[in-house]
Protein chains: 4
Amino acid sequence: MPKNVNHDERREEVVDAARRIILRDGLEAATTRAIAREAGYSNGVLAHYFADKDDILLSALRSSHRRIVHRLRRKLAGRTGLAALRELLLDNLPLDEERAAETGLEMGFWSRSLSSPALLAVQRQEAAELRHLVRSLLGAAASSGEIATGDDLDDVTERLLALVDGLSVHRLLYPDRAGADRLERLLDAELNRLRPGA
Amino acid sequence: MPKNVNHDERREEVVDAARRIILRDGLEAATTRAIAREAGYSNGVLAHYFADKDDILLSALRSSHRRIVHRLRRKLAGRTGLAALRELLLDNLPLDEERAAETGLEMGFWSRSLSSPALLAVQRQEAAELRHLVRSLLGAAASSGEIATGDDLDDVTERLLALVDGLSVHRLLYPDRAGADRLERLLDAELNRLRPGA
Amino acid sequence: MPKNVNHDERREEVVDAARRIILRDGLEAATTRAIAREAGYSNGVLAHYFADKDDILLSALRSSHRRIVHRLRRKLAGRTGLAALRELLLDNLPLDEERAAETGLEMGFWSRSLSSPALLAVQRQEAAELRHLVRSLLGAAASSGEIATGDDLDDVTERLLALVDGLSVHRLLYPDRAGADRLERLLDAELNRLRPGA
Amino acid sequence: MPKNVNHDERREEVVDAARRIILRDGLEAATTRAIAREAGYSNGVLAHYFADKDDILLSALRSSHRRIVHRLRRKLAGRTGLAALRELLLDNLPLDEERAAETGLEMGFWSRSLSSPALLAVQRQEAAELRHLVRSLLGAAASSGEIATGDDLDDVTERLLALVDGLSVHRLLYPDRAGADRLERLLDAELNRLRPGA
DNA sequence: CATGAATGAGTGTTCATTCAT
DNA sequence: TATGAATGAACACTCATTCAT
């Protein structure tokens, strides 16, 4: 009767350790040894659960996204159109510790994606899903008359997501000027601007 | 009789080399040896002019900013108010190879700043200057009646800069959806929105 | 009630697996995990039947020799003297894929033997048996008048076996110049040379 | 005035260290660390003089061959035809410590060549030169009437070189049966056999 | 000043071996 | 007996840094 561990569970343990390190000390500090130590294992264990370091990092990125999606799903339940969109975009802003950590991780991967095709592919795939979701919420809001129909909705989608990402970066780098209240206010203004009367 | 070397000049040579490498091959390719080679010196020379590698990288970041400021000064010459602001923000978007490389450099430093107080300090200082400039151009535009006076100008400043940063990230990571034309269109729409009639 | 496992049988299964890997992929590919997997067991099982990896490799070498001997025994059945000798020496040449793989295995062990007393001992023991067999076939051929009696038969034995080994090496390393036809021709010439008339 | 070392000299130092380890402990023991230590340097030094480990090993092989060629050139000076051939072949037998070491190194590379195209290429190139030399000495001997003209000289070349390699292996693995005197005697018999009267 | 040789810690990865289950 | 999780040392290689010349 062998000692039998749940592989997915163990992977998650290690991936969580990786996430903690990336958030605390940066992507550069996330060496395989550091990850193993943070997870409470010897460095050799990683080989049992991951093909290589990239596998760990990619899993960490995907895991982070999955968490966000889960949280979002709860928040969006029962909401539609503009209200759902607002919830989604607000959730993407680093307004508390948890989401600030998520944004930090994301930023670490951004620059690394520029020189790693595999990472970039994952990044793009996940971003495309988010963009698609925003776009369809906008479409629904337009259909129901919640928002004006003058603007190109693809443009609006891009503008909203860019603004959210920009504000997120600023919140982490320049918290003094990008306070939580200002972020929320700016986002709401942006959404109100879409309404028919505006 | 010691050879009289202009320290600042030599530092600049090396820093330029570092900047070129980061722009061309990314932050991770900027090893001390690669920098020394790019500058045309032996690797040992770095020790005479820099405390350590971080000293070089920080200087490279500042140097990149200085170059941007110089280019901007030329572009802004003779322009005021909204026209100047438009020039400034457009210049910050990665609309050609050169500025795409600059954005890449910037993104590399963003994530490092999150775990390096020294980098973060530099980053903040330079960002504050840019913010101040935008804010004062907006102030001038408001005074001259070029833009409406309803909005809080600090909010507008933050919104514009966040949008520019967000669009920049998207242009690099998702060039398909963030084409040069869309970026320019979105920026112009944002500026027109400020005008009194809007 | 302990499960009653036939130790020798299990050892043989594992050793066969090791042999297959060495023949197929080379000595360096024969890691303990690869061997266990090839045998259809978990890696931990090896500890029950072998002292260590060397124990497995040594056994694999012996196993390969044993197989060669078996094959030879079939080929030699009913033959005596020079005809038997010819069959034996031909069998030792890597004239088909199977025997080329065997020669590769052998060569791998040769160099390891130079720095491993245990391996060397096995190697010598097996080589002695082969030498003895050749020598006695030569003796029989001399007695029956099949070959001339001028030469020292120990010298002839050594010459024939050295030639076979040298040709084998050349066939693997320089197949262009050591084609199968040339090998066979050279061997036959060598045997004919022993005949009384020559 | 920088400390300036002769690169080729330093490479040779390291390559000699590698040779010593390979001969003493086998090719497997020739790790980069072991080589650096044997050479009296830290492990990082290798990077200055070699592209990678293969570069060291290949250099060791070539260096060994170069030494042999040099020694041979001296021995062959003033000799031609059969006498030169005899000197060449004798020199290739491991009849003293130095040449036993050379043979040991060679054998280590043989098996590794089977799974390393780069090594195999070098091995083949060097072997081709030796083969060519033997062949032309045989040609000269035939022209001058020193040897009989019945045999195909390519066959003879292959036979002689295979015999030498086979005897060399046996001398290292089975010194008891492949004594220096027997090797020499067998080689001379082989050469005499070529003479017209034989 | 400048060189570049040298260091040694650190990287990701592999692997024989141990051992609780 | 058999499992496979876990270990930790070893591997080749990279790199910022030091320092004699």
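Residue numbers start from 1 in every chain, and the chains themselves are labelled A, B, ... in the order their sequence lines are given, proteins ahead of strands.
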Check: Which nucleotide, in any strand shown, forms a Watson-Crick or G-U wobble pair with E/dT14, with both distances under 3.5 Å?
Finding: F/dA9
Next item on the list: Answer yes if the side chains of D/Ser64 and D/Glu102 hold a donor-acceptor pair under 3.5 Å, and no otherwise.
Entry: no
Item checked: Listed nucleotide nearest any side-chain atom of A/Thr32, set E/dG12, E/dA2, F/dT3 -> E/dG12
Check: Between the base of E/dG10 and the side chain of A/Arg33, is there a donor-acceptor distance below 3.5 Å?
Finding: no
Next item on the list: Report which part of the nucleic acid C/Thr31 touches: base, sugar-phosphate, or nothing (heavy-atom distance under 4.0 Å, all strands).
Entry: sugar-phosphate
Check: Do the side-chain N or O atoms of B/Arg10 get closer than 4.0 angstrom to the phosphate oxygens (OP1, OP2) of E/dC1?
Finding: no
Margin query: Nearest heavy atom decides the nucleotide; on that basis, is D/Leu46 or A/Ala29 closer to the 5' end of DNA chain E?
Written below: D/Leu46
Notebook entry, point to check: What is the minimum heavy-atom distance between C/Lys53 and C/Thr31, and which atoms define it?
Noted result: NZ-CA, 4.2 Å
Item checked: Charged N-O contact under 4.0 Å between A/Arg112 and A/Asp54 -> no
Next item on the list: Applying side chain to side chain contact (heavy atoms under 4.5 Å, CB included), run through D/Thr32 and D/Phe50 and close with a yes or a no.
Entry: CA-CA 11 Å; D/Thr32 54; D/Phe50 298 90; over 6 Å; no
Next item on the list: Starting from C1' on E/dT13, measure out to CD1 on A/Ile35 and report it in whole angstrom.
Entry: 13 Å
Next item on the list: Write down the distance between CD (B/Glu28) and P (E/dG12), rounded to a whole number of angstrom.
Entry: 12 Å
Next item on the list: By nearest nucleotide on DNA chain E, pick out whichever of A/Ala51 and C/Gly44 is the more 5' one.
Entry: A/Ala51
Next item on the list: Figure out the CZ/P separation between A/Arg11 and F/dA5, and round it to whole Å.
Entry: 13 Å
Margin query: Rounded to whole Å, please give me the gap between CZ in D/Phe50 and P in E/dA5.
Written below: 13 Å
Next item on the list: Check every strand shown and say whether C/Arg37 touches a base, only sugar-phosphate, or nothing at a heavy-atom separation below 4.0 Å.
Entry: nothing
Notebook entry, point to check: Does a nitrogen or oxygen in the side chain of D/His48 sit under 4.0 Å from OP1 or OP2 of E/dT7?
Noted result: no
Check: For the side chain of B/Ser42, counting heavy atoms from C-beta on, which of F/dT3, E/dT3, E/dA5 is nearest?
Finding: E/dT3
Notebook entry, point to check: Is D/Asp55 salt-bridged to D/Arg11, cutoff N-O under 4.0 Å?
Noted result: yes
Next item on the list: Write down the partner of E/dT21 under the Watson-Crick or G-U wobble criteria, each distance required to be under 3.5 Å.
Entry: F/dA2
Check: What is the distance, rounded to the nearest whole Å, between atom CG of A/Asn43 and atom P of E/dA9?
Finding: 17 Å
Next item on the list: Please state how far atom OH in B/Tyr41 lies from atom P in F/dA16, giving the value in whole angstrom units.
Entry: 20 Å
Note to self: Base, sugar-phosphate or nothing for D/Asp52? Non-hydrogen atoms, less than 4.0 Å.
What the structure shows: sugar-phosphate
Check: When the distance from CD of B/Glu9 to P of E/dA2 is rounded to whole Å, what number comes out?
Finding: 12 Å
Check: Whole Å only: how far is the OH atom of D/Tyr49 from the P atom of F/dT14?
Finding: 17 Å
Margin query: The side chain of D/Val45 is closest to which nucleotide in this list: F/dA12, E/dT7, F/dT3?
Written below: E/dT7
Note to self: Could you check whether D/Arg19 pairs with D/Glu38 (Lys NZ or Arg NE/NH1/NH2 to Asp/Glu carboxylate O, under 4.0 Å)?
What the structure shows: no
